Structure formats: C-alpha cells, structure tokens
Amino acid sequence: TFKSLIFGPLIDKYCQEHQIEVSEEEVDVFVRGLPKMPNRPKETDEEVAELYHIARSMLQWLKFTKAIYEEYGGAIE
C-alpha cells in the first residue's frame, strides 16, 4: 500500500538508529506460539519463510510502537 511505502522505510530507519532489533529467538517463540490449524497440510518451505517474515515484521512493529510511545508519549496514526 501507499502508506507502507512511506512508513516502511521510516520505521526501518528509526529502528536502525535506535538499535531496535528482533532476534531469531523472538521470532521462533512467536511462531511456535501460533495455533495449529487442524486437518491442514504441512506448510511448504516458502510458506514457512513467509510466516517468519511476517512474524519478524510484526515484532519489529510492536517494538517500534513501544519505543515511540515511550519517547513521545503516544502512538503514531
């Protein structure tokens, strides 16, 4: 989306400047905590890679919003 084209690089820059990182362990814990869908075939390697990419992005967003809240006293919209 247009919004992600604008905010994505800004968020990445802020995270880099403020040493906000997501570890592999955090991503693994997040993914392992997701519920398993019954009667669903095993994911392909590509699906697993996409899931880890999404999990990393979500965790980065959570850490980013926490840092913004702590620094500026609120979230961005």
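Residues: numbered from 1 along the sequence shown. Bear in mind the structure is a predicted one, so any value in this text is a computation, not a measurement.
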Under 3.5 Å, which donor-acceptor pairs do the side chains of residues 44-51 form with other protein atoms, sequence neighbours left out?
residue : atom : partner : partner atom : Å
Thr44   : OG1  : Glu46   : OE1          : 3.4
Thr44   : OG1  : Glu47   : N            : 3.1
Glu47   : OE1  : Thr44   : N            : 2.8

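- Between the Arg56 side chain and the Val27 main chain, no donor and acceptor come within less than 3.5 Å of each other.
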Could you list the donor-acceptor pairs under 3.5 angstrom formed between side-chain atoms of residues 8-16 and any protein atom two or more places apart in sequence or on another chain?
residue : atom : partner : partner atom : Å
Lys13   : NZ   : Glu17   : OE2          : 3.2
Tyr14   : OH   : Glu71   : OE1          : 2.5

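- Connection of Ile54 to Leu59 is established within a shared hydrophobic cluster, with ILVMFWY side chains joined at heavy-atom distances below 4.5 Å, either directly or through further cluster members.
- Atom CZ of residue Phe64 and atom OH of residue Tyr69 lie 15.0 Å apart, to the nearest 0.5 angstrom.
- Under a hydrophobic-cluster definition in which Ile, Leu, Val, Met, Phe, Trp and Tyr are linked whenever side-chain heavy atoms come within less than 4.5 Å, directly or via other members, Ile68 and Met58 are assigned to different clusters.
- Note on Trp61 and Val22: separate hydrophobic clusters, where clusters join Ile, Leu, Val, Met, Phe, Trp and Tyr whose side-chain heavy atoms are under 4.5 Å apart, directly or indirectly.
- Around the NE2 atom of His18, the shell of radius 6.0 Å holds more than 12 heavy atoms that belong to other residues, nucleotides or ligands.
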